[in-house]
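Have a look at the structure below before the remarks.
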Number of protein chains: 2
Amino acid sequence: MRKATFEERSATLCNSLALRQAARHVSQIYERHLAAEGLRASQYSILSTLGRCGPQPIGALAQRMVMDRTTLGRALKPLERDGLLEIGPGPDGRTRSLHLTATGETKLAAAAGRWQEAQAEFEAAFGTQEAADLRATLRRVIAVTGEGRAGQGA
Amino acid sequence: MRKATFEERSATLCNSLALRQAARHVSQIYERHLAAEGLRASQYSILSTLGRCGPQPIGALAQRMVMDRTTLGRALKPLERDGLLEIGPGPDGRTRSLHLTATGETKLAAAAGRWQEAQAEFEAAFGTQEAADLRATLRRVIAVTGEGRAGQGA
DNA sequence: GCAAGACAAGTGCATATGCACCTTTTCCGG
DNA sequence: CCGGAAAAGGTGCATATGCACTTGTCTTGC
């Protein structure tokens, strides 16, 4: 076995820490651009997914967004408060149906431009192809970690 | 230009969202293992870095851990409360010196085993070499996003 | 020795994150 | 029809995250 390089000795060995650090940093770029529309990055992702996939219950959206049901449930509050989406009754007495309001659609359209700015800023620094490769890798990360404990969904 | 594949159309295009999703999922593995020692993943990373790099002020540790100074500052509270580290006065009247207590050292040693379990679980599913490659990629992500707005540090 | 600016840290606010536990509704077997 | 399991959400708690602003301390030029 060869000797460890300086990089290997000094750098983060923890996959979890490395991911969280990178996520924090990259998110800040998106937060900065989206702030112009008064949206957080996570809020944009919720509106965007809801706009793309149409009205659906909370659990379904949470699964689609690969996030915890309760986290999403609470994240909806500010969006509902600001009139961007509504939480109506679902076909079932248990379920609730999420849908964008007209205001939400407008905000989403405006924010999409900001998102593209952020996306462009990151990819200009990191590389467009490299970013696509990274996303593919991250999809695989989610796939392999999801199997072991699919829990609520799948 | 060729047509988009199904994967490309349905998958997350947002680098920020992809990173946060993956970070959440992977962190859960580490949280699950470290819970046996009563530590959160982020707490382990703090103790670990502090143990490896020795006593230092808050700002320095925050920079080293690629996290916000105020986030770290608050994260220290529970660790201090549980007697794992102490926040004493630094050489300077402004700075405060962080250092592990004996209890903290012991806890860190015990938690290290749990961390290895988590690391092994993830790498068994994702691949050891692939994980190393991913960490290298993430280091580059942090490097390129850090330049534009070094702000507090560098 | 002092005032201006730099520097380290703390605080208020708002949101993000997820586990354990609880309530309400269905659904299904008998 | 009833009783229990399953499904969908909600809540309490604890921590994570970071911006703007404040406070206290040092450094430096004069």
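Nucleic acid contact for B:Thr95: sugar-phosphate only, since backbone atoms but no base atoms lie under 4.0 Å from a heavy atom of the residue. Residue B:Gly73 is classed as having no contact, given no heavy-atom separation below 4.0 Å to the nucleic acid.
Counting distance only, with no hydrogens placed and no angle test, the side-chain atoms of A:Arg94 and the base atoms of D:dG10 include no donor-acceptor pair under 3.5 Å. With hydrogens and angles ignored, a donor-acceptor pair under 3.5 angstrom links the side chain of A:Arg74 to the base of C:dG18. Judged by distance alone with a 3.5 Å cut-off, no donor-acceptor contact links the side chain of B:Arg96 to the base of C:dG10.
Each of A:Asp92 and A:Arg20 was assigned the nucleotide of DNA chain D with the nearest heavy atom; the assignment lying further toward the 5' end belongs to A:Asp92. Two residues, A:Gly93 and A:Val66, neighbour DNA chain C, and the one matched to the more 5' nucleotide by heavy-atom proximity is A:Val66. Both B:Pro78 and A:Ile87 lie close to DNA chain D; mapped to their nearest nucleotides by heavy-atom distance, the more 5′-ward contact belongs to A:Ile87.
Distance, B:Ile58 CD1 to C:dC7 P: 18 Å, rounded to whole Å. Here the P atom of nucleotide D:dA16 and the CD atom of A:Glu31 are 18 Å apart, to the nearest Å. If you take CZ of B:Arg40 and C1' of C:dG18, they are 7 Å apart, rounded to a whole angstrom. For the pair A:Asp68 CG and D:dA16 C1', the interatomic distance rounds to 15 Å; values are reported in whole Å. In this structure, NE2 of A:His25 is placed 13 Å from P of D:dT17, rounded to the nearest angstrom. If you measure from atom CG of A:Asp82 to atom P of C:dA14, you get 12 Å, rounded to the nearest angstrom. One atom, CG of A:Leu98, and another, C1' of D:dG9, lie 11 Å apart when rounded to the nearest Å. One interatomic measurement links the two molecules: CG of B:Leu34 to P of D:dT15, which rounds to 15 Å at whole-angstrom precision.
Closest to the side chain of B:Thr71, from the set D:dC21, D:dT17, D:dT15, is D:dT17. In the set C:dT11, C:dG18, C:dA16, the nucleotide with an atom closest to the side chain of A:Ala75 is C:dA16. Ranking C:dA16, D:dC21, D:dA16 by closeness to the B:Gln43 side chain, first place goes to D:dA16. Closest to the side chain of B:Lys77, from the set C:dT11, D:dG18, C:dC21, is C:dT11.
Between the side chains of B:Tyr30 and B:Gln119, at least one donor N or O sits under 3.5 Å from an acceptor N or O.
Hydrophobic clustering (side-chain heavy atoms under 4.5 Å, transitive across Ile, Leu, Val, Met, Phe, Trp, Tyr) keeps A:Leu17 apart from B:Val141.
The two atoms that bring A:Gly38 and A:Gln43 nearest to each other are O-OE1, 4.2 Å, heavy atoms only. Across all their heavy atoms, A:Gly83 and A:Thr101 have their closest contact at O-OG1, 2.6 Å.
The phosphate of D:dT17 (OP1 or OP2) has no side-chain N or O of A:Gln28 nearer than 4.0 angstrom.
Residues A:Trp115 and A:Leu108 are not in side-chain contact: their nearest non-hydrogen atoms beyond the backbone lie 4.5 Å or more apart.
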| task | List the steps, then state whether side-chain contact (heavy atoms from CB on, under 4.5 Å) holds for B:Leu85 with B:His99. | result | CA-CA 6 Å; B:Leu85 58 74; B:His99 62 94; over 6 Å; no

